[in-house]
Number of protein chains: 2
Amino acid sequence: MAKRATLTDVARLAGLSPTTVSMVLNERPNSRLSEDAAERVRAAAAKLNYRPNPAARGLRLGKTRTVGFISDEVTITRYASAMIRGLLEVAEERDHTVLISESGRRADRIASALELMLDRQADGIVFGLMGAKQIDVPVIADVPVVLSNARSASGLPCVLPDEFRAGFEAAHYLLERGHRRIAFIGRSEALLDPVLSVTIGARYAGLDAALAESGIEFVHQVDGRFWEPDLGYAGAQEVFQRTEVTAIIAANDRVAFGVYQAAQERGLRIPDDLSVVSFDDEYLASYLRPQLTTMQIPYLDMGRVAMELVLDGDPPTETLVPMPLQERGSVRALS
Amino acid sequence: MAKRATLTDVARLAGLSPTTVSMVLNERPNSRLSEDAAERVRAAAAKLNYRPNPAARGLRLGKTRTVGFISDEVTITRYASAMIRGLLEVAEERDHTVLISESGRRADRIASALELMLDRQADGIVFGLMGAKQIDVPVIADVPVVLSNARSASGLPCVLPDEFRAGFEAAHYLLERGHRRIAFIGRSEALLDPVLSVTIGARYAGLDAALAESGIEFVHQVDGRFWEPDLGYAGAQEVFQRTEVTAIIAANDRVAFGVYQAAQERGLRIPDDLSVVSFDDEYLASYLRPQLTTMQIPYLDMGRVAMELVLDGDPPTETLVPMPLQERGSVRALS
DNA sequence: CTGAAGTGCTAAAAGGATTTAGCATGGAGA
DNA sequence: TCTCCATGCTAAATCCTTTTAGCACTTCAG
């Protein structure tokens, strides 16, 4: 593989100066160059397969066409990696690349990841969290910063899922299908703390608003802060003992998984005897049988939007991304 | 935030030349500089919070301390993102950063992702696949390339899980605990095609070798190429109808998930009535109850090893990474 | 006493792109 | 005829770091 062609090589071949070549290739607005020259430049560049040297360009421009992505554990866990896909998609569309770094949520590691990105002269920075929480990010003046699925106390621009609407729609979906005796598993005061979640409150509020609109309340609610299958299993058992329901809303898919297990043990068939709706759309949701109807956390779109905001600059304080309903087989319409 | 200090700024403050500063900070071996000068340089650098400009350095050196990672869908799916964690860990230890790009397994997209990385002057490239398959990667002379969880027809250096040993150990684990009547679900001739998998053959061979060592054979095997819960469910039903077993080896965790469902329906309790062992260690494995004993695909370590090989240069043709046994609750020792 | 070797440091070039300032040329207007 | 302006292009500076070549001085060996 021959050495990479430089601007000077192109200029020589085209019989013009590097200045001219640069101007043509960058299509500078106010440079009145002849169409003939432009044509020769383009031909020469193509012939030599010219690629601008990013280091040289970065040195001169102070821009690197690079965006840094720092996350608590988005990259490295399985839940939220769709966020990266969104970031990468947009970056590629806009001819940027993405530098990735992990850091827990320990402030010092965040700071050092950030420093790394700034050292590398990233043109912008996206912070992404797996769960929508509040984080402290050092404020930086130089480059645009956007938080994806997170909020900061300092009011940095952020992208969050529209949990209120999702909560509303989840409940509405059941109500619309005639359900009136509905239980909820996973209510927790503790989760209203922004350190743990900045969106759960909206999820609750959306659910409650939908029920209120129909003039009803949950027939039973199970408190629970740790949203794992255990909670769903025990919670569903509690529901079955206390009252009769036609539907259960689970705080997330893992809780719903537990509900499935409890239902099966009790001989209840989903969705014939019990409808289930939940939140998140983890991959688990499509493995269950019947597959789970759930409100998706839009990691992909949050990634896309965050990247767009960073690249466009001047992002608004808060951007909400819709959580689409994944309609599958766990809900039955009552006649 | 004041403008970033340059080498010249440091030199001025230290009362020395940029040359000297560069030599001190890079600790060049054969430059006999006074300890006094070195001390002054370090003090000045610290005071100005000097960070070398990576673009300038990259321009001069032709190195970027950057490694490109191209994958089919490792980043963007949930299964294998631990590989990235491994890559990032090692990169950080060695003061490198990772550029990430996705591309399906379509040759043109791979080529363009590769071109992107070379454009950006990556010092090395790692290709990572979610499932261990064969891919065609254009051979490049300039930079080291390592395949992680993949093999190429052209014999590029690769890192693969040690499936033979894993197969052997999985079977051995059951045999050691007194199991003799064992079924296997997920045998498939078709999967021996390297386009679909380059490791399944070894997995089978390891299983067979362990049984052979004990002088027995599987009491029943279920063929199946698509390793989803359906196969496990139907396969287990088939096993139960045909014969009596004390243990089932599932081709992967999703198949095992189906086995769990079939067992539960039939009133068999795991591990009391039926032991289950499988492969992969997806996160599903720890959600099942009882949790699944499974041979882990070592994505993290494959990532680490691949990055180390790229950074060290001159990687061997094939490196095997052990697949650790995740010992959980799905196996019972027969008295 | 002279030449060689060693010491501690620096000037200047190189790396490849972008950008500012400005050089010829030709035509239009006075 | 002379000035002015537009046109089409280029020389040279700039971004920041690394590296080569070498300067000026001292010490040592012969």
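So that the names make sense, note that chain A is the first sequence line, chain B the second, and so on, each numbered from 1. Predicted model, so just to flag it, every value in this text is computed and none were measured.
Following rounding to the nearest Å, Leu33(A) (CG) and dT19(C) (C1') show an atom-to-atom distance of 14 Å. The CG atom of Leu61(B) sits 14 Å away from the C1' atom of dG16(C) (whole-angstrom rounding). Note: CG (Asn26(A)) to C1' (dG16(C)) measures 13 Å, nearest angstrom.
Shown for residues 47-60 of chain B: residues whose heavy atoms fall under 4.0 angstrom of DNA chain C, namely Ala56(B), Leu59(B), Arg60(B). Using a 4.0 Å cutoff on non-hydrogen atoms, the parts of residues 7-19 of chain B near DNA chain D are Leu7(B), Thr19(B), ordered by number.
Taking the 5' to 3' direction, DNA chain D first and last meets chain A under 4.0 angstrom from a heavy atom at dT7(D) to dC16(D).
Distance alone, capped at 3.5 Å, is enough to place a donor-acceptor pair between the Ser112(A) side chain and the Arg109(A) backbone. Side-chain N or O atoms of Arg151(B) include one that pairs as donor or acceptor with a backbone N or O of Val198(B) at under 3.5 Å. With hydrogens and angles disregarded, a donor-acceptor distance shorter than 3.5 Å links the side chain of Arg40(A) to the backbone of Ala14(A). Listed for the Tyr50(B) side chain is no donor-acceptor partner under 3.5 Å among the backbone atoms of Arg4(B). Asn149(A) places a side-chain N or O within donor-acceptor distance of the main-chain N or O of Leu129(A), the cut-off being under 3.5 Å.
Closest-nucleotide positions on DNA chain C for Thr20(B) and Thr6(A) were compared, and the one nearer the 5' end corresponds to Thr20(B).
Separation of the Tyr283(A) and Tyr283(B) ring centroids falls under the 6.0 Å cut-off.
More than 12 non-hydrogen atoms from other residues, nucleotides or ligands lie less than 6.0 angstrom from CG of Asn49(A).
Contacts of Arg12(B) classified as side chain to side chain contact (heavy atoms under 4.5 Å, CB included), with partners at least two apart in sequence or in another chain: Thr8(B), Asp9(B). Residues that satisfy the side chain to side chain contact (heavy atoms under 4.5 Å, CB included) test with Pro324(B), not counting sequence neighbours, are Gln296(B), Pro298(B), Gln326(B).
Nucleic acid contact for Ser34(B): sugar-phosphate only, since backbone atoms but no base atoms lie under 4.0 Å from a heavy atom of the residue.
Judged by distance alone, the side chains of Thr19(A) and Ser22(A) never bring a donor and an acceptor atom under 3.5 Å apart.
In the helix from dC1(C)-dG30(D) to dA30(C)-dT1(D), the end axes, each obtained as the rotation axis mapping the C1' atoms of four pairs onto the next four within a five-pair block, lie 70° apart to the nearest 10 degrees.
Salt-bridge check for Arg120(B) with Glu115(B): failed, with every basic side-chain N at 4.0 Å or more from each acidic carboxylate O.
Residues Leu160(B) and Glu318(B) meet the side-chain proximity criterion, which asks for heavy atoms closer than 4.5 Å.
The minimum heavy-atom distance between Leu309(A) and Pro315(A), with the atom names listed, is CB-CB, 3.9 Å.
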